[in-house]
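To keep things clear, I will list the structure first and then write my remarks on it.
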Number of protein chains: 2
Amino acid sequence: MEVTNTKYKNQGIHVISALFTVDKGITKILLIKRENEPYKNMWALTGGALYNDETLEEGMHREIKEKTGLENIFLKAFQNFSRVERSPVMRMIAVTYIGFIDIHKVTLLKQTEKTNNCDWFSIESLPALAYDHNEILEKALEELKESIFESDILKNLYPNGFTLPEIQKTYEAILEKELDRRNFRKKMLASHFIIDTLKTKKFEGNKPAKLYKFK
Amino acid sequence: MEVTNTKYKNQGIHVISALFTVDKGITKILLIKRENEPYKNMWALTGGALYNDETLEEGMHREIKEKTGLENIFLKAFQNFSRVERSPVMRMIAVTYIGFIDIHKVTLLKQTEKTNNCDWFSIESLPALAYDHNEILEKALEELKESIFESDILKNLYPNGFTLPEIQKTYEAILEKELDRRNFRKKMLASHFIIDTLKTKKFEGNKPAKLYKFK
DNA sequence: GCAAAAGTGTTGCCCCTACACCCATGT
DNA sequence: ACATGGGTGTAGGGGCAACACTTTTGC
(Lines give C-alpha, C1' and ligand atoms only; values in the text may rest on other atoms or scores of the structure.)
Protein backbone atom coordinates (compact mmCIF):
# COMPACT_ATOMS: atom_id res chain seq x y z
CA MET A 1 0.00 0.00 0.00
CA GLU A 2 1.24 3.45 -0.87
CA VAL A 3 1.01 5.94 1.94
CA THR A 4 -0.66 9.11 0.77
CA ASN A 5 -1.66 10.82 4.02
CA THR A 6 1.13 13.31 4.66
CA LYS A 7 0.66 12.89 8.39
CA TYR A 8 2.31 9.48 8.09
CA LYS A 9 4.34 9.77 4.91
CA ASN A 10 8.06 9.18 4.82
CA GLN A 11 8.77 7.87 8.27
CA GLY A 12 11.73 5.65 8.96
CA ILE A 13 13.44 3.81 11.78
CA HIS A 14 17.05 4.05 12.87
CA VAL A 15 18.54 1.10 14.73
CA ILE A 16 21.45 2.35 16.80
CA SER A 17 23.84 0.67 19.24
CA ALA A 18 26.15 2.15 21.82
CA LEU A 19 28.96 -0.41 21.62
CA PHE A 20 31.35 -0.13 24.55
CA THR A 21 34.63 -1.69 25.49
CA VAL A 22 37.02 -1.27 28.40
CA ASP A 23 40.66 -1.03 27.46
CA LYS A 24 43.36 -0.69 30.12
CA GLY A 25 40.90 0.71 32.61
CA ILE A 26 39.37 3.21 30.18
CA THR A 27 35.75 2.93 29.05
CA LYS A 28 35.55 3.49 25.32
CA ILE A 29 32.80 3.74 22.74
CA LEU A 30 32.97 2.55 19.13
CA LEU A 31 32.28 5.35 16.67
CA ILE A 32 31.88 5.17 12.91
CA LYS A 33 32.82 7.99 10.58
CA ARG A 34 29.92 8.89 8.33
CA GLU A 35 30.63 8.80 4.63
CA ASN A 36 27.34 10.23 3.41
CA GLU A 37 25.09 13.18 4.06
CA PRO A 38 23.66 14.16 6.43
CA TYR A 39 26.47 14.73 8.93
CA LYS A 40 29.07 13.59 6.38
CA ASN A 41 32.51 13.09 7.96
CA MET A 42 31.15 13.31 11.49
CA TRP A 43 31.43 10.47 13.99
CA ALA A 44 28.32 8.52 14.90
CA LEU A 45 27.19 5.54 16.94
CA THR A 46 26.93 2.22 15.13
CA GLY A 47 23.69 1.87 13.21
CA GLY A 48 21.57 2.86 10.29
CA ALA A 49 18.14 2.62 8.73
CA LEU A 50 15.96 -0.44 9.23
CA TYR A 51 15.02 -2.39 6.12
CA ASN A 52 11.48 -3.47 5.40
CA ASP A 53 12.28 -7.16 5.50
CA GLU A 54 13.93 -7.44 8.90
CA THR A 55 12.99 -7.09 12.56
CA LEU A 56 14.63 -4.42 14.70
CA GLU A 57 17.04 -6.95 16.16
CA GLU A 58 17.89 -8.38 12.75
CA GLY A 59 18.49 -4.90 11.36
CA MET A 60 20.68 -3.97 14.31
CA HIS A 61 22.82 -7.09 13.91
CA ARG A 62 23.09 -6.46 10.17
CA GLU A 63 24.31 -2.92 10.77
CA ILE A 64 26.86 -4.09 13.33
CA LYS A 65 28.07 -6.78 10.93
CA GLU A 66 28.40 -4.30 8.08
CA LYS A 67 30.21 -1.69 10.12
CA THR A 68 32.41 -3.82 12.37
CA GLY A 69 32.42 -7.32 10.88
CA LEU A 70 31.17 -8.72 14.17
CA GLU A 71 28.31 -11.18 14.59
CA ASN A 72 26.34 -12.52 17.52
CA ILE A 73 26.92 -9.51 19.74
CA PHE A 74 24.78 -9.65 22.86
CA LEU A 75 22.60 -6.54 22.92
CA LYS A 76 20.41 -5.07 25.61
CA ALA A 77 17.39 -3.11 24.37
CA PHE A 78 17.50 0.49 25.46
CA GLN A 79 15.23 3.48 24.81
CA ASN A 80 13.51 5.00 21.81
CA PHE A 81 14.35 8.54 20.76
CA SER A 82 11.78 10.43 18.76
CA ARG A 83 12.40 14.16 18.74
CA VAL A 84 10.68 15.36 15.58
CA GLU A 85 13.73 17.17 14.24
CA ARG A 86 16.28 14.53 15.22
CA SER A 87 17.06 13.85 11.58
CA PRO A 88 17.34 16.77 9.17
CA VAL A 89 16.45 14.63 6.18
CA MET A 90 13.17 12.95 7.04
CA ARG A 91 11.24 11.77 10.07
CA MET A 92 13.30 9.07 11.78
CA ILE A 93 12.58 7.28 15.04
CA ALA A 94 15.64 5.86 16.81
CA VAL A 95 15.47 2.44 18.46
CA THR A 96 18.59 1.90 20.52
CA TYR A 97 20.65 -0.90 22.10
CA ILE A 98 23.64 -1.25 24.38
CA GLY A 99 26.41 -3.79 23.83
CA PHE A 100 30.00 -4.69 24.68
CA ILE A 101 32.82 -5.79 22.43
CA ASP A 102 36.30 -7.18 23.00
CA ILE A 103 38.52 -4.38 21.69
CA HIS A 104 40.95 -6.81 20.09
CA LYS A 105 38.25 -8.19 17.83
CA VAL A 106 37.56 -4.87 16.16
CA THR A 107 40.96 -3.31 15.62
CA LEU A 108 41.60 -5.71 12.77
CA LEU A 109 38.30 -4.94 11.14
CA LYS A 110 38.41 -1.22 10.65
CA GLN A 111 38.02 -1.63 6.93
CA THR A 112 34.80 -3.39 6.18
CA GLU A 113 32.66 -3.42 3.10
CA LYS A 114 30.66 -0.38 4.03
CA THR A 115 32.99 1.46 6.38
CA ASN A 116 36.63 2.30 6.23
CA ASN A 117 36.89 4.36 9.31
CA CYS A 118 35.81 3.33 12.76
CA ASP A 119 37.60 3.87 16.03
CA TRP A 120 37.36 3.68 19.80
CA PHE A 121 36.96 6.91 21.75
CA SER A 122 37.37 7.37 25.47
CA ILE A 123 34.05 8.46 26.92
CA GLU A 124 36.01 11.22 28.62
CA SER A 125 36.87 12.96 25.37
CA LEU A 126 34.14 12.60 22.80
CA PRO A 127 33.73 14.56 19.59
CA ALA A 128 30.40 16.11 18.64
CA LEU A 129 28.39 13.26 17.14
CA ALA A 130 25.93 13.09 14.25
CA TYR A 131 22.18 13.35 14.91
CA ASP A 132 21.24 13.09 18.61
CA HIS A 133 23.92 10.50 19.23
CA ASN A 134 25.60 12.48 22.00
CA GLU A 135 22.32 12.42 23.94
CA ILE A 136 21.78 8.72 23.23
CA LEU A 137 25.30 7.89 24.35
CA GLU A 138 25.01 9.91 27.54
CA LYS A 139 21.78 8.16 28.52
CA ALA A 140 23.17 4.77 27.51
CA LEU A 141 26.10 5.30 29.87
CA GLU A 142 23.75 6.07 32.75
CA GLU A 143 21.70 2.99 31.99
CA LEU A 144 24.87 0.93 31.73
CA LYS A 145 25.97 1.92 35.21
CA GLU A 146 22.59 1.06 36.65
CA SER A 147 22.26 -2.31 34.99
CA ILE A 148 25.80 -3.61 34.78
CA PHE A 149 25.36 -6.10 37.63
CA GLU A 150 21.91 -7.20 36.48
CA SER A 151 22.85 -8.79 33.18
CA ASP A 152 25.62 -10.65 31.44
CA ILE A 153 26.06 -7.83 28.96
CA LEU A 154 29.85 -8.02 29.45
CA LYS A 155 30.01 -11.51 28.04
CA ASN A 156 31.31 -10.36 24.65
CA LEU A 157 34.21 -8.60 26.33
CA TYR A 158 36.01 -11.75 27.40
CA PRO A 159 35.64 -14.41 24.74
CA ASN A 160 38.66 -16.25 26.16
CA GLY A 161 37.69 -15.98 29.80
CA PHE A 162 38.79 -13.55 32.47
CA THR A 163 40.23 -13.41 35.95
CA LEU A 164 38.31 -11.77 38.75
CA PRO A 165 40.90 -9.00 39.32
CA GLU A 166 40.76 -8.28 35.59
CA ILE A 167 36.99 -8.02 35.27
CA GLN A 168 36.78 -6.09 38.52
CA LYS A 169 38.95 -3.40 36.91
CA THR A 170 36.42 -3.32 34.07
CA TYR A 171 33.50 -2.86 36.45
CA GLU A 172 35.42 -0.12 38.24
CA ALA A 173 36.12 1.64 34.95
CA ILE A 174 32.45 1.55 33.97
CA LEU A 175 31.14 2.57 37.36
CA GLU A 176 33.94 5.10 37.88
CA LYS A 177 34.46 3.96 41.44
CA GLU A 178 36.51 1.38 43.29
CA LEU A 179 34.95 -1.84 44.55
CA ASP A 180 35.89 -3.96 47.53
CA ARG A 181 37.74 -7.04 46.29
CA ARG A 182 36.19 -9.53 48.71
CA ASN A 183 32.63 -8.32 48.20
CA PHE A 184 33.07 -8.19 44.44
CA ARG A 185 34.28 -11.79 44.32
CA LYS A 186 31.45 -13.00 46.50
CA LYS A 187 28.90 -11.22 44.34
CA MET A 188 30.32 -12.53 41.06
CA LEU A 189 30.69 -16.09 42.26
CA ALA A 190 27.20 -16.07 43.76
CA SER A 191 25.68 -14.75 40.51
CA HIS A 192 26.01 -18.06 38.68
CA PHE A 193 26.62 -16.16 35.45
CA ILE A 194 30.22 -17.36 35.50
CA ILE A 195 32.03 -20.66 35.88
CA ASP A 196 35.54 -21.71 36.88
CA THR A 197 37.64 -22.95 33.94
CA LEU A 198 40.14 -24.60 36.36
CA LYS A 199 42.85 -22.76 34.44
CA THR A 200 44.84 -19.74 35.58
CA LYS A 201 46.13 -16.60 33.93
CA LYS A 202 48.46 -13.86 35.06
CA PHE A 203 47.08 -10.34 35.22
CA GLU A 204 48.98 -7.69 37.14
CA GLY A 205 50.79 -9.52 39.92
CA ASN A 206 53.15 -12.44 39.87
CA LYS A 207 50.70 -14.88 41.31
CA PRO A 208 48.51 -16.39 38.59
CA ALA A 209 44.78 -15.81 39.05
CA LYS A 210 41.99 -18.27 38.42
CA LEU A 211 40.42 -18.02 34.99
CA TYR A 212 36.64 -17.85 34.75
CA LYS A 213 34.28 -17.56 31.82
CA PHE A 214 30.66 -16.60 31.22
CA LYS A 215 28.21 -19.45 30.91
CA MET B 1 12.90 14.25 1.10
CA GLU B 2 11.04 11.56 -0.80
CA VAL B 3 12.13 8.03 -0.03
CA THR B 4 12.80 6.11 -3.21
CA ASN B 5 14.83 3.13 -2.02
CA THR B 6 12.29 0.34 -1.63
CA LYS B 7 14.28 -1.11 1.24
CA TYR B 8 13.07 1.75 3.39
CA LYS B 9 9.91 2.85 1.66
CA ASN B 10 6.55 2.99 3.41
CA GLN B 11 7.49 2.29 6.97
CA GLY B 12 5.35 3.50 9.83
CA ILE B 13 5.17 3.46 13.60
CA HIS B 14 2.32 2.28 15.80
CA VAL B 15 2.07 3.70 19.30
CA ILE B 16 0.14 1.25 21.45
CA SER B 17 -0.82 1.19 25.13
CA ALA B 18 -2.03 -1.65 27.30
CA LEU B 19 -4.36 0.30 29.60
CA PHE B 20 -5.36 -1.69 32.66
CA THR B 21 -7.76 -1.22 35.50
CA VAL B 22 -8.78 -3.32 38.48
CA ASP B 23 -12.50 -3.50 39.14
CA LYS B 24 -13.90 -5.44 42.09
CA GLY B 25 -10.81 -7.58 42.29
CA ILE B 26 -10.71 -8.33 38.56
CA THR B 27 -7.86 -7.10 36.36
CA LYS B 28 -9.26 -5.69 33.14
CA ILE B 29 -7.86 -4.26 29.92
CA LEU B 30 -9.35 -1.46 27.84
CA LEU B 31 -10.06 -2.54 24.27
CA ILE B 32 -11.22 -0.45 21.34
CA LYS B 33 -13.35 -1.81 18.52
CA ARG B 34 -11.74 -1.12 15.16
CA GLU B 35 -13.90 0.74 12.69
CA ASN B 36 -11.56 0.52 9.70
CA GLU B 37 -9.62 -2.07 7.80
CA PRO B 38 -7.45 -3.94 8.50
CA TYR B 39 -9.04 -6.01 11.28
CA LYS B 40 -12.29 -4.06 10.98
CA ASN B 41 -14.71 -4.82 13.84
CA MET B 42 -12.07 -6.63 15.85
CA TRP B 43 -10.98 -5.49 19.30
CA ALA B 44 -7.57 -3.89 19.72
CA LEU B 45 -5.36 -2.23 22.32
CA THR B 46 -5.47 1.55 22.49
CA GLY B 47 -3.27 3.19 19.88
CA GLY B 48 -2.68 4.07 16.28
CA ALA B 49 -0.19 5.45 13.82
CA LEU B 50 2.34 8.07 14.82
CA TYR B 51 2.14 11.42 13.05
CA ASN B 52 5.18 13.13 11.59
CA ASP B 53 4.93 16.14 13.85
CA GLU B 54 4.87 14.47 17.26
CA THR B 55 7.17 12.45 19.49
CA LEU B 56 6.26 8.90 20.44
CA GLU B 57 4.96 10.06 23.83
CA GLU B 58 2.96 12.89 22.28
CA GLY B 59 1.44 10.53 19.73
CA MET B 60 0.56 8.01 22.41
CA HIS B 61 -1.17 10.63 24.56
CA ARG B 62 -3.03 11.93 21.50
CA GLU B 63 -4.30 8.45 20.68
CA ILE B 64 -5.42 7.87 24.26
CA LYS B 65 -7.18 11.23 24.28
CA GLU B 66 -8.94 10.50 20.98
CA LYS B 67 -10.06 7.03 21.96
CA THR B 68 -10.88 7.45 25.66
CA GLY B 69 -11.08 11.19 26.28
CA LEU B 70 -8.45 10.88 29.00
CA GLU B 71 -5.40 13.12 29.37
CA ASN B 72 -2.28 13.04 31.49
CA ILE B 73 -2.24 9.28 31.89
CA PHE B 74 1.01 8.08 33.47
CA LEU B 75 2.65 5.65 31.06
CA LYS B 76 5.56 3.30 31.46
CA ALA B 77 7.57 2.61 28.30
CA PHE B 78 7.49 -1.05 27.36
CA GLN B 79 8.93 -3.01 24.45
CA ASN B 80 9.07 -2.60 20.70
CA PHE B 81 7.48 -5.20 18.46
CA SER B 82 8.77 -5.53 14.92
CA ARG B 83 7.76 -8.78 13.28
CA VAL B 84 7.90 -8.04 9.56
CA GLU B 85 4.36 -9.25 8.89
CA ARG B 86 2.77 -7.81 12.01
CA SER B 87 0.66 -5.47 9.89
CA PRO B 88 -0.92 -6.80 6.68
CA VAL B 89 -1.08 -3.35 5.11
CA MET B 90 2.41 -1.95 5.30
CA ARG B 91 5.53 -2.23 7.40
CA MET B 92 4.68 -1.03 10.91
CA ILE B 93 6.89 -1.04 14.00
CA ALA B 94 5.01 -1.08 17.31
CA VAL B 95 6.24 1.04 20.22
CA THR B 96 4.32 0.10 23.35
CA TYR B 97 3.44 1.46 26.79
CA ILE B 98 1.69 0.28 29.94
CA GLY B 99 -0.75 2.39 31.94
CA PHE B 100 -3.56 2.30 34.51
CA ILE B 101 -6.90 4.05 34.51
CA ASP B 102 -9.68 4.52 37.05
CA ILE B 103 -12.53 2.53 35.54
CA HIS B 104 -15.13 5.13 36.54
CA LYS B 105 -13.44 7.76 34.41
CA VAL B 106 -13.87 5.85 31.18
CA THR B 107 -17.34 4.38 31.36
CA LEU B 108 -18.83 7.78 30.63
CA LEU B 109 -16.59 8.33 27.67
CA LYS B 110 -17.34 5.38 25.45
CA GLN B 111 -18.45 7.67 22.67
CA THR B 112 -15.62 9.93 21.68
CA GLU B 113 -14.91 11.76 18.47
CA LYS B 114 -13.08 8.90 16.85
CA THR B 115 -14.44 5.86 18.65
CA ASN B 116 -17.91 4.79 19.59
CA ASN B 117 -17.11 1.45 21.05
CA CYS B 118 -14.62 0.73 23.76
CA ASP B 119 -14.96 -1.59 26.71
CA TRP B 120 -13.17 -3.27 29.57
CA PHE B 121 -12.39 -6.98 29.27
CA SER B 122 -11.30 -9.29 32.05
CA ILE B 123 -7.81 -10.57 31.25
CA GLU B 124 -9.22 -14.02 31.95
CA SER B 125 -11.53 -13.98 28.95
CA LEU B 126 -10.06 -12.06 26.06
CA PRO B 127 -11.23 -12.07 22.46
CA ALA B 128 -8.78 -12.53 19.59
CA LEU B 129 -7.26 -9.10 19.06
CA ALA B 130 -6.18 -7.21 15.95
CA TYR B 131 -2.56 -7.31 14.79
CA ASP B 132 -0.16 -8.85 17.34
CA HIS B 133 -2.02 -7.25 20.22
CA ASN B 134 -2.63 -10.54 22.03
CA GLU B 135 1.13 -11.07 22.19
CA ILE B 136 1.75 -7.48 23.30
CA LEU B 137 -0.89 -7.75 26.02
CA GLU B 138 0.45 -11.04 27.30
CA LYS B 139 3.97 -9.66 27.61
CA ALA B 140 2.70 -6.41 29.11
CA LEU B 141 0.96 -8.39 31.84
CA GLU B 142 4.17 -10.22 32.69
CA GLU B 143 6.07 -6.95 32.83
CA LEU B 144 3.34 -5.44 34.97
CA LYS B 145 3.64 -8.17 37.57
CA GLU B 146 7.39 -7.76 37.70
CA SER B 147 7.41 -4.00 38.01
CA ILE B 148 4.24 -3.21 39.96
CA PHE B 149 6.11 -2.47 43.20
CA GLU B 150 8.88 -0.52 41.46
CA SER B 151 6.85 2.38 40.15
CA ASP B 152 3.86 4.52 40.90
CA ILE B 153 2.11 3.31 37.75
CA LEU B 154 -1.09 2.77 39.77
CA LYS B 155 -1.41 6.45 40.52
CA ASN B 156 -4.11 7.02 37.88
CA LEU B 157 -6.25 4.32 39.46
CA TYR B 158 -7.09 6.27 42.60
CA PRO B 159 -7.55 9.93 41.77
CA ASN B 160 -9.50 10.41 45.02
CA GLY B 161 -7.16 8.47 47.28
CA PHE B 162 -7.36 4.91 48.51
CA THR B 163 -7.25 2.87 51.69
CA LEU B 164 -4.55 0.28 52.21
CA PRO B 165 -7.00 -2.68 52.30
CA GLU B 166 -8.46 -1.40 49.03
CA ILE B 167 -5.18 -0.99 47.13
CA GLN B 168 -3.91 -4.26 48.55
CA LYS B 169 -6.83 -6.01 46.83
CA THR B 170 -5.69 -4.35 43.60
CA TYR B 171 -2.13 -5.60 44.00
CA GLU B 172 -3.46 -9.08 44.75
CA ALA B 173 -5.65 -9.00 41.63
CA ILE B 174 -2.70 -8.00 39.44
CA LEU B 175 -0.25 -10.42 40.98
CA GLU B 176 -2.84 -13.18 41.24
CA LYS B 177 -1.77 -14.08 44.75
CA GLU B 178 -2.57 -13.04 48.29
CA LEU B 179 -0.28 -10.75 50.23
CA ASP B 180 0.32 -10.54 53.97
CA ARG B 181 -1.53 -7.51 55.33
CA ARG B 182 1.15 -6.42 57.79
CA ASN B 183 4.03 -6.78 55.36
CA PHE B 184 2.10 -5.03 52.61
CA ARG B 185 1.36 -2.03 54.84
CA LYS B 186 4.96 -1.77 55.96
CA LYS B 187 6.18 -1.89 52.36
CA MET B 188 3.72 0.71 51.12
CA LEU B 189 4.28 3.11 53.98
CA ALA B 190 8.04 2.75 53.69
CA SER B 191 7.96 3.44 49.94
CA HIS B 192 7.27 7.16 50.35
CA PHE B 193 5.18 7.09 47.18
CA ILE B 194 2.07 7.68 49.29
CA ILE B 195 0.96 10.08 51.99
CA ASP B 196 -1.72 10.05 54.70
CA THR B 197 -4.67 12.36 53.96
CA LEU B 198 -5.78 12.21 57.63
CA LYS B 199 -9.22 11.30 56.33
CA THR B 200 -10.91 7.91 56.45
CA LYS B 201 -13.10 5.90 54.13
CA LYS B 202 -15.05 2.71 54.53
CA PHE B 203 -14.13 -0.21 52.33
CA GLU B 204 -15.36 -3.66 53.19
CA GLY B 205 -15.73 -3.73 56.94
CA ASN B 206 -17.57 -1.49 59.33
CA LYS B 207 -14.48 0.12 60.70
CA PRO B 208 -13.38 3.06 58.52
CA ALA B 209 -9.86 2.79 57.09
CA LYS B 210 -7.32 5.56 56.73
CA LEU B 211 -7.32 7.27 53.37
CA TYR B 212 -4.00 7.70 51.56
CA LYS B 213 -3.08 9.21 48.22
CA PHE B 214 -0.16 9.12 45.84
CA LYS B 215 2.23 12.02 46.04
C1' DG C 1 -22.26 -8.73 72.46
C1' DC C 2 -21.14 -10.25 68.10
C1' DA C 3 -19.56 -10.18 63.43
C1' DA C 4 -16.23 -8.28 60.17
C1' DA C 5 -12.64 -6.05 58.70
C1' DA C 6 -8.78 -2.56 60.29
C1' DG C 7 -4.76 -2.11 62.50
C1' DT C 8 -0.33 -3.42 64.81
C1' DG C 9 5.31 -6.04 66.22
C1' DT C 10 8.64 -9.49 66.44
C1' DT C 11 11.66 -13.00 64.71
C1' DG C 12 14.64 -15.25 61.44
C1' DC C 13 16.86 -15.19 56.95
C1' DC C 14 19.42 -13.26 53.25
C1' DC C 15 21.96 -9.85 50.97
C1' DC C 16 24.96 -6.14 51.23
C1' DT C 17 28.81 -3.42 53.13
C1' DA C 18 32.88 -2.56 55.74
C1' DC C 19 37.12 -4.12 57.04
C1' DA C 20 42.67 -6.90 57.73
C1' DC C 21 45.50 -10.61 57.10
C1' DC C 22 47.91 -14.65 54.77
C1' DC C 23 49.36 -16.84 50.12
C1' DA C 24 51.73 -17.77 45.76
C1' DT C 25 54.87 -16.37 42.56
C1' DG C 26 58.95 -13.77 40.17
C1' DT C 27 62.97 -11.46 40.92
C1' DA D 1 63.87 -12.29 51.38
C1' DC D 2 61.04 -9.18 49.50
C1' DA D 3 57.72 -7.04 46.54
C1' DT D 4 53.33 -7.55 44.20
C1' DG D 5 49.02 -8.46 43.58
C1' DG D 6 45.74 -12.92 44.55
C1' DG D 7 42.84 -14.90 47.71
C1' DT D 8 39.93 -15.43 51.97
C1' DG D 9 36.03 -14.63 56.56
C1' DT D 10 33.29 -12.22 59.80
C1' DA D 11 30.21 -8.94 61.94
C1' DG D 12 26.49 -5.43 61.63
C1' DG D 13 22.43 -3.33 59.20
C1' DG D 14 18.34 -3.27 56.15
C1' DG D 15 14.76 -5.43 53.62
C1' DC D 16 11.63 -9.29 53.22
C1' DA D 17 8.58 -13.16 54.70
C1' DA D 18 6.15 -15.65 58.22
C1' DC D 19 3.13 -15.45 61.93
C1' DA D 20 -1.68 -13.89 66.00
C1' DC D 21 -3.94 -10.79 68.65
C1' DT D 22 -6.45 -6.29 69.69
C1' DT D 23 -9.48 -2.40 68.03
C1' DT D 24 -13.25 -0.08 65.88
C1' DT D 25 -17.54 0.10 64.06
C1' DG D 26 -22.56 -1.43 62.58
C1' DC D 27 -26.09 -4.18 63.69
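Naming convention: chains lettered A, B, ... in sequence-line order (proteins, then strands); numbering from 1 in each chain.
- Whole-Å rounding puts the A:Lys201 NZ to C:dA24 C1' distance at 19 Å.
- Here B:Arg185 reaches the OP1 or OP2 of C:dG7: one of its side-chain N or O atoms lies under 4.0 Å away.
- Between the P atom of D:dT23 and the CG atom of B:Leu164 lies a distance of 20 Å, rounded to the nearest Å.
- Judged by distance alone, with hydrogens and angles left aside, B:Arg182 brings a side-chain donor or acceptor within reach of the base of D:dA20, the pair sitting under 3.5 Å.
- Aromatic rings of B:Phe74 and B:Phe100 (six-membered ring for Trp) have centroids beyond the 6.0 Å cut-off, not under it.
- At whole-Å resolution of the value, CZ in B:Phe184 and C1' in C:dT8 are 16 Å apart.
- In the set C:dT25, C:dA5, C:dT8, C:dT25 carries the atom at the smallest distance from any side-chain atom of A:Lys207.
- Between A:Glu204 and A:Asp180, the residue anchored nearer the 5' end of DNA chain D, judged by the nucleotide with its closest heavy atom, is A:Glu204.
- In this structure, a donor-acceptor pair under 3.5 Å is present between the side chains of A:Asn80 and B:Asn80.
- Distance B:Gln168 CD to C:dG7 C1': 12 Å, rounded to the nearest Å.
- Residue A:Asn183 places its side chain closer to D:dG9 than to any other of D:dT24, D:dG9, D:dG7.
- As rounded to whole Å, 14 Å separates atom P of D:dG6 from atom NZ of A:Lys210.
- Within a 6.0 Å sphere centred on NZ of B:Lys199, heavy atoms belonging to other residues, nucleotides or ligands number 12 at most.
- Nearer to the 5' terminus of DNA chain C, by closest-nucleotide assignment, is the contact made by A:Lys187 (compared with the other of A:Lys187 and A:Lys202).
- The distance from atom CG of B:Asn206 to atom P of C:dA4 is 9 Å, rounded to the nearest whole Å.
- Taking the ring centre of B:Tyr51 as origin, the terminal cationic atom of B:Arg62 falls inside the region bounded by 6.0 Å and 45° from the ring axis.
- Closest to the side chain of B:Ala209, from the set C:dG7, C:dC19, C:dA3, is C:dG7.
- Across the protein-nucleic acid pair, A:Lys186 atom NZ and C:dA18 atom C1' stand 9 Å apart, rounded to whole Å.
- The distance between the ring centers of A:Phe162 and A:Phe214 falls below 6.0 angstrom.
- Rounded to whole angstrom, the span from the CZ atom of B:Phe162 across to the C1' atom of C:dA6 amounts to 16 Å.
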